[in-house]
Participant: 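Below: one structure in structure tokens.
This one's a predicted model, so the numbers in the text were calculated from it and none came from an experiment.
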Amino acid sequence: MTRRGGTSVRATKRPVVVLAGEDRNDRECLRVLLEAWCPAMSGRLVEIKDSVRLLHAKSHGELTSRVKTLASKARAKAKLERADLACVFVHEEFDRPDGDEYVEARQRVQSALDAQFGNAHYLLSVAEVEAWLLMFPAALAGTVSSWRVPQQYRNRDTGTLVDPKQILMRNVSGSGRRYRESDAPGVLAKAVALNCIDNPVGSNRSWSQLRADATECCTSHIPRARRPQ
Ligand SMILES: [Zn+2]
């Protein structure tokens, strides 16, 4: 492969995007979505496996300290891959519905990340990842055929629902196989496979944020990939 005008060592490296979150499911959900929206990320995503908790830092100093720890882990990950660090995505669940507090909390952590990273995205799902899943009834039914999103939860701002996890476990699962948190990445992968990932039934502010961040990252933070012929 020829590269235009460059002889630098950097050209041989593949800048990586680091994923961090509360747990494995969190990171896996991000991975599924980012790879779907930005194929150039495939093969570039590396994970920090330690649980990252920024939302509930008790003071600005504690938040800064936690973000600095995260930054050093992210740089160490990139170094291990012998690559530059292109960007970091951090995902946490707000565990409360959307509202003014959500906007304030998200911005507070995003600002702390901006201070330590060149490029960073803070995804704070409202109230939790399950609120995203409710926007994809076909993917839920495609995962377990008996799962059905009741009419009252369709076409909603799912960020306003207080306990989407319970809705998944009770109302969607019904008497069929009960929804588990570890199902979330598979449901999103099913939405990708069914080609409905960009046609959510309903809305959710944190989902729109993630979608916008994925596009921004793909166009501005990672080197442009060559399109296959
Ligand atoms: Zn980015």
Participant: In terms of relative ring orientation, are His121 and His221 parallel, tilted or perpendicular, with 30° and 60° separating the classes?
Facilitator: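 His121 vs His221 ring planes: tilted.
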Participant: Applying a strict under-4.5 Å side-chain criterion to I, L, V, M, F, W and Y, I'd like to know whether Val46 and Leu33 cluster together.
Facilitator: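 No, because Val46 and Leu33 fall into different hydrophobic clusters, even though each may have its own neighbours under 4.5 Å.
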Participant: If you measure SG to SG, does Cys217 sit under 2.5 Å from Cys38?
Facilitator: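 Disulfide absent: SG-SG distance not under 2.5 Å.
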Participant: Do Tyr122 and Gln209 pair up side chain to side chain, a donor and an acceptor below 3.5 Å, judged on atom types alone?
Facilitator: no
Participant: Could you tell me whether the side chain of Arg156 reaches within less than 4.5 Å of the side chain of Asn204, counting heavy atoms only?
Facilitator: no
Participant: Please check if Ile222 and Leu123 belong to a single hydrophobic cluster, counting links between Ile, Leu, Val, Met, Phe, Trp and Tyr side chain heavy atoms closer than 4.5 Å.
Facilitator: yes
Participant: Rounded to the nearest 0.5 Å, how far does CG of Leu70 lie from CG of Leu54?
Facilitator: 6.5 Å
Participant: Going hydrophobic residue to hydrophobic residue with side-chain gaps under 4.5 angstrom, can you get from Val144 over to Tyr179?
Facilitator: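 Result: yes, single cluster for both.
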Participant: Has the side chain of Gln116 got a donor or acceptor atom that lies under 3.5 Å from a matching backbone atom of Ala71?
Facilitator: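 Such a contact is absent between Gln116 side chain and Ala71 backbone.
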Participant: Just by distance, do the side chain of Thr64 and the backbone of His60 share a donor-acceptor pair under 3.5 Å?
Facilitator: yes
Participant: Does this structure show an ion pair linking Glu81 with Lys77, if we count only N-O contacts that are shorter than 4.0 Å?
Facilitator: no
Participant: Examine distances only and state if a side-chain atom of Asn199 and a backbone atom of Cys196 form a donor-acceptor pair shorter than 3.5 Å.
Facilitator: no
Participant: State, with a plain yes or no, whether a side-chain heavy atom of Gln107 is found less than 4.5 Å away from one of Ser111.
Facilitator: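 They are in side-chain contact.
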Participant: Looking at every heavy atom in both Glu35 and Gly43, which two are closest together, and how far apart are they?
Facilitator: OE2-N, 4.4 Å
Participant: List in chain and number order the residues that pass salt bridge (Lys or Arg N to Asp or Glu O under 4.0 Å) with Arg66, two or more places apart in sequence or in another chain; answer none if no residue qualifies.
Facilitator: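 Here the qualifying residues are Glu62.
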Participant: Take Lys79 and Leu85 through the test side chain to side chain contact (heavy atoms under 4.5 Å, CB included) and record every step on the way to the result.
Facilitator: CA-CA 8 Å; Lys79 198 174 174 190; Leu85 177 62; over 6 Å; no
Participant: Just wondering, do His91 and Glu22 contact through their side chains at under 4.5 Å, heavy atoms?
Facilitator: no
Participant: So, does Arg14 use its side chain to make a donor-acceptor pair with the main chain of Ala83 at under 3.5 Å?
Facilitator: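 Judged by distance alone, no pair lies under 3.5 Å.
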Participant: Heavy atoms only: give me the nearest Lys190-Ala139 pair and the separation to one decimal.
Facilitator: CG-O, 3.5 Å
Participant: Distance from Leu19 atom CG to Asp26 atom CG, nearest 0.5 Å?
Facilitator: 10.5 Å
Participant: Can you hop from Leu161 to Tyr102 via hydrophobic side chains spaced under 4.5 Å?
Facilitator: no
Participant: How about Phe136 and Val149: do any of their side-chain heavy atoms sit closer than 4.5 Å?
Facilitator: no
Participant: Decide yes or no on salt bridge (charged side-chain N to carboxylate O under 4.0 Å, His left out) for Glu28 and Arg24, but give the supporting numbers first.
Facilitator: CA-CA 6 Å; Glu28 197 55 32; Arg24 189 163 158 267; 6.0 Å; no
Participant: Pro97 and Thr160: which non-hydrogen atoms are nearest, and at how many Å?
Facilitator: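 Looking at all heavy atoms of both residues, the shortest contact is CB-O, 3.8 Å.
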Participant: Kindly work out whether a path of hydrophobic side-chain contacts (I/L/V/M/F/W/Y, heavy atoms less than 4.5 Å apart) joins Met41 to Trp37.
Facilitator: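 Yes, same cluster.
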Participant: For residues Thr215 and Arg211, is any side-chain donor paired with an opposing acceptor at under 3.5 Å?
Facilitator: yes
Participant: Above 12 or not: heavy atoms from other molecules or residues under 6.0 Å from CZ of Arg170?
Facilitator: no
Participant: Let me see the working for Thr69 and Lys73 under side chain to side chain contact (heavy atoms under 4.5 Å, CB included), right down to the final yes or no.
Facilitator: CA-CA 6 Å; Thr69 301; Lys73 286 179 184 174; 3.9 Å; yes
Participant: I'd like to know if the side chain of Ser206 and the backbone of Ser125 have a donor-acceptor N/O pair within less than 3.5 Å.
Facilitator: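 The answer is no, because no donor-acceptor pair under 3.5 Å joins these two groups.
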Participant: Please name the pair of heavy atoms, one in Ala131 and one in Val126, separated by the smallest distance, quoted to 0.1 Å.
Facilitator: CB-O, 3.3 Å
Participant: Would a 4.5 Å heavy-atom cut-off, applied to side chains only, mark Phe89 and Arg27 as touching?
Facilitator: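 Not in contact.
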Participant: Quick check for you: to the nearest 0.5 Å, what is the distance between Arg31 atom CZ and Leu188 atom CG?
Facilitator: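 Those atoms lie 14.0 Å apart.
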Participant: How about Thr158 and Pro164: do any of their side-chain heavy atoms sit closer than 4.5 Å?
Facilitator: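 The answer is no; the side chains never approach within 4.5 Å.
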Participant: Find out whether Trp147 and Leu133 are in side-chain contact, i.e. whether some heavy atom of one side chain is under 4.5 Å from a heavy atom of the other.
Facilitator: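 Side chain of Trp147 against side chain of Leu133, heavy atoms only: no contact under 4.5 Å found.
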Participant: Has Asp84 got a side-chain atom pairing as donor or acceptor with Ala86's backbone, closer than 3.5 angstrom?
Facilitator: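 Answer holds: no.
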Participant: Using atom types as modelled and distance alone, determine if a side-chain donor or acceptor of Ser173 lies under 3.5 Å from a backbone N or O of Leu168.
Facilitator: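 Between the backbone of Leu168 and the side chain of Ser173 there is a qualifying donor-acceptor contact (under 3.5 Å).
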Participant: If you compare all heavy atoms of Asn171 against all heavy atoms of Pro150, which two are closest, and at what distance to 0.1 Å?
Facilitator: O-CG, 3.7 Å
Participant: Who pairs with Arg96 by salt bridge (Lys or Arg N to Asp or Glu O under 4.0 Å), at least two apart in sequence or on another chain?
Facilitator: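 Expected list: Glu101.
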Participant: Is there a side-chain contact between Glu93 and Glu130 (heavy atoms, below 4.5 Å)?
Facilitator: yes
Participant: Which heavy atom of Trp207 sits nearest to which heavy atom of Ile197, and what is that distance?
Facilitator: CZ2-O, 3.5 Å
Participant: For side chain to side chain contact (heavy atoms under 4.5 Å, CB included), just list the numbers for Leu210 and Trp132, CA-CA rounded to whole Å, side-chain angles, deciding distance to a tenth of an Å, and then say yes or no.
Facilitator: CA-CA 11 Å; Leu210 171 56; Trp132 296 349; 3.6 Å; yes
Participant: Above 12 or not: heavy atoms from other molecules or residues under 6.0 Å from CG of Asn195?
Facilitator: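 Not buried by this count: 12 neighbours or fewer within 6.0 Å.
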Participant: Quick check for you: to the nearest 0.5 Å, what is the distance between Leu140 atom CG and Ser146 atom OG?
Facilitator: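 The OG atom of Ser146 is 11.0 Å from CG of Leu140, to the nearest 0.5 Å.
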Participant: So Phe94 and Leu55, side chain to side chain contact (heavy atoms under 4.5 Å, CB included) or not? Walk me through it.
Facilitator: CA-CA 8 Å; Phe94 191 50; Leu55 179 63; 4.0 Å; yes
Participant: How many angstroms lie between atom CZ of Arg205 and atom CZ of Arg106, to the nearest 0.5 angstrom?
Facilitator: 9.5 Å
Participant: Working to the nearest 0.5 Å, report the span between CG of Asp213 and CG of Leu30.
Facilitator: 10.5 Å
